[in-house]
Each structure stands twice: as C-alpha cells, then as structure tokens.
There are 2 protein chains.
Amino acid sequence: MAKSGEAVSPVISQIVDTARAVETKINGLKKPEMKFPLRNLSNVRYSAKKGHFEMLGKKKERTLAVSTVKSFAQTMRMIALSKQMIETDERASKRDAYYQTKAWGDAKCDEQPESDTILDDIEGLFGVNKEQLCFTPDEHGGLVAGELVVVDRAEIGSAATIDIDCTKFGSGAYSIPVSVEELQFETDAKFILVIETAGMFQRLVKHNYWKSANCILVSMGGVPTRACRRFIRRLSDEKKIPVYVFVDGDPYGISNIYRTLKVGSGNAAHLNEFFCVPEARFLGITPNDIVQYKLPTHPLKEVDVKRAKDALKTDPFFLHHKAWQDAINQLVTMGVRAEQQALAKHGLNYVIDTYLPEKLKHPERFLP
Amino acid sequence: MAKSGEAVSPVISQIVDTARAVETKINGLKKPEMKFPLRNLSNVRYSAKKGHFEMLGKKKERTLAVSTVKSFAQTMRMIALSKQMIETDERASKRDAYYQTKAWGDAKCDEQPESDTILDDIEGLFGVNKEQLCFTPDEHGGLVAGELVVVDRAEIGSAATIDIDCTKFGSGAYSIPVSVEELQFETDAKFILVIETAGMFQRLVKHNYWKSANCILVSMGGVPTRACRRFIRRLSDEKKIPVYVFVDGDPYGISNIYRTLKVGSGNAAHLNEFFCVPEARFLGITPNDIVQYKLPTHPLKEVDVKRAKDALKTDPFFLHHKAWQDAINQLVTMGVRAEQQALAKHGLNYVIDTYLPEKLKHPERFLP
C-alpha cells in the first residue's frame, strides 16, 4: 500500500516504467503499445485452492494509431493522475476522475463509462486494484457493529491514528469508508456475521446481539460493494476469524450476493484476488431451513429459476461444489424462496433466541 | 416519546381508547368504524408559516362490514402489535411487520404493500409517526461526520447512555439508526451541511472539512430516508443550527431531494410535521453556479424538463417562492444540468478551497 513519505511505491515504479517504455518507443519513431488483460468469463477459471476466480492469460493490445490516439492519450493522462494522487496522498472517486478529464481538451471523456473503462484497463495493466491507484468507488461500503476496534489515520497526511470502537455506537453503526487499505484491526471476536438486509442488521444491533455472541456484525445492504468485500477480507485474513454469511434463501442471495462475496465475479476477475473472501461460509437461509423452520415463502419467479439454472450450468464455483448443486436443485424443486426476515413469523426475536444459536452450534454444516 | 418504565404513553392511551370504542360498538350490536385521513395531494396545502405541507381535513371511513372484515381485523391486530412493542421497548421493521401477519391465520397479508398500507393508516389515525408506534423503515438513514456528539441509549431497556463522537470516525462515518426519536445531541457547530452524494461526502470527510468549517456533515445518499430527515430536523430544532443543502444542480436535486427534505412530500402529508426541515436553505449547485464556476454540464433530459415544469405548475412550495420559479426557469432556459462533483474539473479540492468558502460568505443569498 502506497503512503506519502514512504520510499517510492511499487505502483509508482510500474507507472514510471510504463511511461518510459512508451517514451522510448516514440523517441525511436516506433509505435508504442500497452497490453491489458481481457475482462470476461472466457478469461477466468475457478481456483479451489486459491478460493477465487482467476484470470487466464488472454490479453488485448492497444497500439498507438490514428484510431486509438484518443484512448491512448486518455490512458496515459489517467495514469499520470494516479501517480500524482499516490504522491500527494489524494483520492478521486470514479465520478471525480470523469470530471477531471473535462480539463483534458480533446482527450476529455464525454460520458463516465468512457473514463470507467480506462480505470478498469489501468487496474488490469498494473495488476493492482483501483484503490491502490487512489481511485475510489462512489458508493459507501456497508455498516459495522460489534466486537471490533478499527484503527484509522486521524487525518490526511498525518501519521497519528484514531481508534474506532464498534461496540460504542448504540443503535447506530460504523460506516466503512470507500478505501480500507490503510485500516488496522483489533478484535477478539469469534466470528464475523455478514448480513444481507439493513432490517436484520438493525434488529441484531438493537439487541446488542454481538455482545452475547462475541462477534462482529456487518451489513452489506444487498450485493456487497468493493469496499465492504475488501474490509471483510482484510479483517478475516489478518485476524484469522471465520466469516458466516446470512442472506435471503433465494437464487439472488446465493449466487449474486454470497458467490460474489466469496469468490468474486466474472467480469472483474482481475481483482477477485483482492476482493473475495475465500473463508466465507453460508449460514443461511438454506433450502433446508425453509422446511425445518416452516418459513413463510414466496414462489420463485421466472428470473429466479433462470438465475438458478445459469448457476448450475455455467458458474465454475457451483460446478465445483456438489453440496451447492444439491441445495440449488432442492430450491428449484420446492419452487419457493424465503427471506431472512421471514423468521419474524415465529416472533420478532426468534432469530436471536432460536435460529442463530441453533445454526451456530454446527458451523461444520454450513454450505461451502 | 414512549419509553419502557414510563407512565402510560399518550399513544398507548389512544390505542386503548380506539380499541374500547370498537369493543363498545360491537357489544351494543352496532357496526364499529374507524376514520383515516386521506393521503394524497388533494388533501394538502403549503403552510409557509409552519414550513411544511399540511393536511386538510378530508377523511375516509372504514366501517366493519363483510367487505372490510379482513382489513378491519388486520388494522386491529397491527394496533395490538404496536401496543405490545411500545410496552416492551421492541421494534419491528415494515418487513418484520409483514411477516408477523403470517401468524394471523385468515387475517395474514399476502404481500407487503398490504401491511404497509395498514401501517400508513394507523399512523394517520393516531396522528403520530410510525417510529413512535415502534415500526421502523427497512432502509438505513444516512451518514454523519463532524462536530457532533450523539447521545444514545447504551442498550435496549437500559437507562444508561453512550456518547458517540462524530469527530472520531477517521475516514469512516456514523451511520444514523432507523429510529432517532431517543437520540440527544451535543454540539457547537455553526451549521449542518447536508450532501447529496456519497462521493462528495467522502471527499469532505477525508479532508476533515468539518474541522476547518466547524460544521456537521450529513450524507443523504440520494433522496433522504425518513430517519435521515428526522435526524436533521431534531438536530437543527434542538440546537438551533442552520441547515445548508448541497445537491446536484438539476430538477431532481431541487424538487425531489431538496423539496422533500425541506417541506416534506405530498403523498405522506400526515407526517411532514415530523419529517421536514423548514430551516433548510439551498447552498447549491444553483443555475447561477453553473455559469459563474464554468461547470461542465449535461443536457437536460426530457424527464428533467417535465419534472421542472411540473414543479412550476403544481408544486405548492415552488408556487410560493418567486426566487425558486426564477431559478428553475433559468435552468430550463439554459437546457443543462450540473452535478456537485463537476467542481472537480477545476481540481479535486476546488470544492474545499474555493467553492464552499465563497458560498458560505453569503448564506443570505442561498435559495429559500
């Protein structure tokens, strides 16, 4: 991780090397080129050992020519912006980066997808994540409450740190910042409980569930943002804490939310290495839970069934795990889905008094 | 505000009175009825004095009959659930409430809009907000950083309090809980800066802008949730602090975000009294800012123009303020919109070094 005041960061060296290579070619009256990894499912495989989708070696080449001169120039300027930000400990959101291009004359981007693509390319080019290049997402990163102290820098450019005690927020919570690379952690928690919905998170926070269970609660609020995934990953890696995931019992919760958290996604395989949580295990809601806890259900919609069948047919992660194939088949056969809040049928605090304690007795039964 | 251990709360008295009236009618072999205020624009007016949309007196009556027996029973059971929660200091999200109905036999709700409607009715019936009836929204309520200490209860059922210092979150932030009725505040801040986008909020937090400006930063993340609006309202009321709103310079930022924050919305007029922030003033981005700061713009879309024209034609708030009519007309004539992050064209920290200090010299020029 690059910090101001450090010796030249490896990313800076890479940037300088890339720029020199381009300069040398141009000075030698040759056409400079840059090579970017291909970003799609044809270029990934599932590594069970590493625990995430991995890139294969396919690359696309961008050579300076009349047709590529604009994107070539944009890439060079964006790399320069990154270098400048690393050196000054500055950050730009993807939207900020787009507006910065407005001052680039002919090389300006007309719409944000143009500048976003350049950022994706650079990320792949250097094999680092955008946050390390000092670009941040525009969205926030999830909420945290429980047995955790986050150690952050007191302010920009300062070496002083600040302790953020996540047991001290009452009914509120700590909001994860968009860049988490510099955070440090102190905790004796037994596990991290990662929760899909704000409603369920709020219930567990309100009752200080983290205290009785000695755990850390994280609210994803739907599909987890990059910052949220990276936060959980760094926390679980550095503190060797298991990660249990508690989402809705439907194909979206299983394949979009859980799968993305655990092994990453197909269209961003160049950064799964940083943003996946290979240690994550699926606590519930499982298809078995729906039967065993007599949960109220909704019928699977057509889009749910399609999502489930796609997972069984093309997703390397589910193809690797027989237990998941059985579970997804069971869900499709039952033809229903159940939300985590469906436990409220048995009483508002059934989830705290009965469901979670029963499940947590047998983490070895959690789906992989 | 109802707390466990207190003398009977006014809401409990209202609930008991309502239930008694129904019981008496039934015992006398008469048909019980309940009266709910109508919830739409035909039943509101803009009160410049009170600063929000107000309900007129139109009501709908629900009399127990064959056709209304189910909704009548659901209303009674939901009121009973509310009473029980107030007495036990419990909370249910709207989704929880829906699932609770699944245990009500024939009175169960098939879809959540059914139970949501009942909650809206009860809220109108008693003239209080859902949070006072112990129902909470499912979404979170915005983020806070800066010169503010929030005093919350340490845990459920406890009288002990906990101080949450919003200057101590590093690059993170305090997440507002879904129910804010019991929070207390300590602050010497000069103003509250309410921000539309997470990206802009993060920039100001990252640079500890709240320290140099002596202010409180609140991120709405789009249209503010009820909890976010109520939080700002209570904070500004109790501490007599001005509220400055910093949103995108487009019809959505002006009429959906700012107008909703300041005076409330038409379809929920029975609760604007609680959820509006009459003190709010519009810092920017104004149509003038677009010209003066030479901001990069996007053309207004058809939907933008329609939104602007609707505001000028039918919205009692904009009809009341000539300054707003002029500003909206100027925007439509220019045919463009500009986002708050567009300031990044002039440098990532232009907003901190130039734009905000210049604007804050003249709060008297802020739009009403």
Side-chain angles (χ1 to χ4, degrees), chain A residues 85 90-100 102-103 108 136 138-140 143 150-156 161-164 168-179 182-183 197-203 205-208 211 219 221 296 339 341-349, chain B residues 85 90-100 102-103 108 136-140 143 150-156 161-164 168-179 182-183 197-199 201-203 205-208 211 219 221 296 339 341-349:
Chain A
M85 291 197 296
E90 185 52 83
R91 296 284 182 287
S93 73
K94 290 161 73 179
R95 195 77 186 149
D96 285 334
Y98 161 64
Y99 279 115
Q100 282 264 300
K102 295 293 187 186
K108 79 164 189 284
T136 60
D138 284 287
E139 83 266 17
H140 279 287
L143 306 177
V150 177
V151 183
D152 196 357
R153 289 195 301 163
E155 54 190 288
I156 200 165
T161 60
I162 188 167
D163 285 356
I164 302 160
K168 305 278 191 217
F169 300 133
S171 54
Y174 166 70
S175 165
I176 300 173
V178 290
S179 176
E182 304 188 351
L183 304 181
T197 64
M200 179 57 77
F201 176 76
Q202 187 76 30
R203 168 156 306 281
V205 168
K206 176 92 189 161
H207 287 267
N208 286 6
K211 192 184 275 185
S219 168
E339 297 177 354
Q341 285 182 280
L343 291 158
K345 180 196 168 187
H346 302 302
L348 291 169
N349 291 321
Chain B
M85 291 197 297
E90 186 52 84
R91 295 284 182 286
S93 73
K94 290 162 72 179
R95 195 77 184 151
D96 285 334
Y98 161 63
Y99 279 115
Q100 281 265 299
K102 295 294 187 184
K108 77 165 191 283
T136 60
D138 284 287
E139 82 267 18
H140 279 287
L143 306 177
V150 177
V151 183
D152 196 357
R153 290 195 300 162
E155 54 190 291
I156 200 166
T161 60
I162 190 167
D163 286 355
I164 302 159
K168 306 278 190 216
F169 285 86
S171 55
Y174 166 68
S175 164
I176 301 174
V178 290
S179 177
E182 303 187 351
L183 304 180
T197 64
F201 176 76
Q202 187 76 30
R203 168 155 307 282
V205 169
K206 175 95 189 157
H207 287 267
N208 286 4
K211 192 185 276 187
S219 167
E339 297 176 355
Q341 285 182 280
L343 292 158
K345 179 193 168 187
H346 302 302
L348 290 169
N349 291 322

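Chain identifiers are assigned alphabetically (A, B, ...) following the order of the sequence lines, protein sequences preceding nucleic acid strands; residue numbering begins at 1 within each chain. These numbers come from a predicted model, not from an experiment. Values reported hereafter were calculated over all heavy atoms of this structure, with side chains retained and with hydrogens, waters and symmetry mates removed.
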Checklist outcome for this item: Under 4.5 Å to a heavy atom of chain B? For A:L143 that would be side chain
Checklist entry - When you look at NZ of A:K102, are more than 12 heavy atoms from neighbouring residues, nucleotides or ligands closer to it than 6.0 Å? => result yes
Checklist entry - Is it the side chain or the backbone of B:E339 that comes within 4.5 Å of chain A heavy atoms, both, or neither? => result both
Item to check | Heavy-atom contact with chain A under 4.5 Å, split by part of B:K108 | outcome: neither
Checklist entry - Side chains of A:Q202 and B:T136: is there a donor and an acceptor less than 3.5 Å apart? => result no
Item to check | chain A contact via B:I162 - which portion, at a heavy-atom distance below 4.5 Å | outcome: side chain
Checklist entry - Given the options B:G221, B:A103, B:P296, B:G347, which has more heavy-atom pairs under 4.5 Å with chain A than any of the others? => result B:P296
Checklist outcome for this item: Closest heavy-atom pair, A:G170 versus B:I164, reported as atoms and distance to 0.1 Å, is N-CD1, 4.1 Å
Next on the checklist: Using heavy-atom distances under 4.5 Å, tell me whether A:M85 contacts chain B through its side chain, its backbone, both, or neither.
Outcome noted: side chain
Item to check | Region of A:A154 that comes under 4.5 Å of a non-hydrogen atom in chain B | outcome: backbone
Checklist entry - Relative to chain B, which of A:V205, A:L343, A:L348, A:V151 shows the most heavy atom pairs under 4.5 Å? => result A:L348
Checklist entry - Side chain, backbone, both or neither: which part of B:A342 has a non-hydrogen atom closer than 4.5 Å to chain A? => result both
Next on the checklist: Taking side chain as everything from C-beta outward and backbone as N, CA, C, O, which of these in A:S171 sits under 4.5 Å from a heavy atom of chain B? Side chain, backbone, both or neither.
Outcome noted: both
Checklist entry - Where on A:S219 is there a heavy atom nearer than 4.5 Å to chain B: the side chain, the backbone, both, or neither? => result side chain
Checklist outcome for this item: Residues at least two apart in sequence or cross-chain that pass ring-ring contact (aromatic ring centres under 6.0 Å, His included) with A:H346, listed by chain then number, are A:Y350
Checklist entry - So which of B:N349, B:V150, B:D163 has the biggest tally of heavy-atom pairs under 4.5 Å with chain A? => result B:N349
Checklist entry - Which bit of B:D96 is near chain A, if near means a heavy-atom gap under 4.5 Å: side chain, backbone, both or neither? => result both
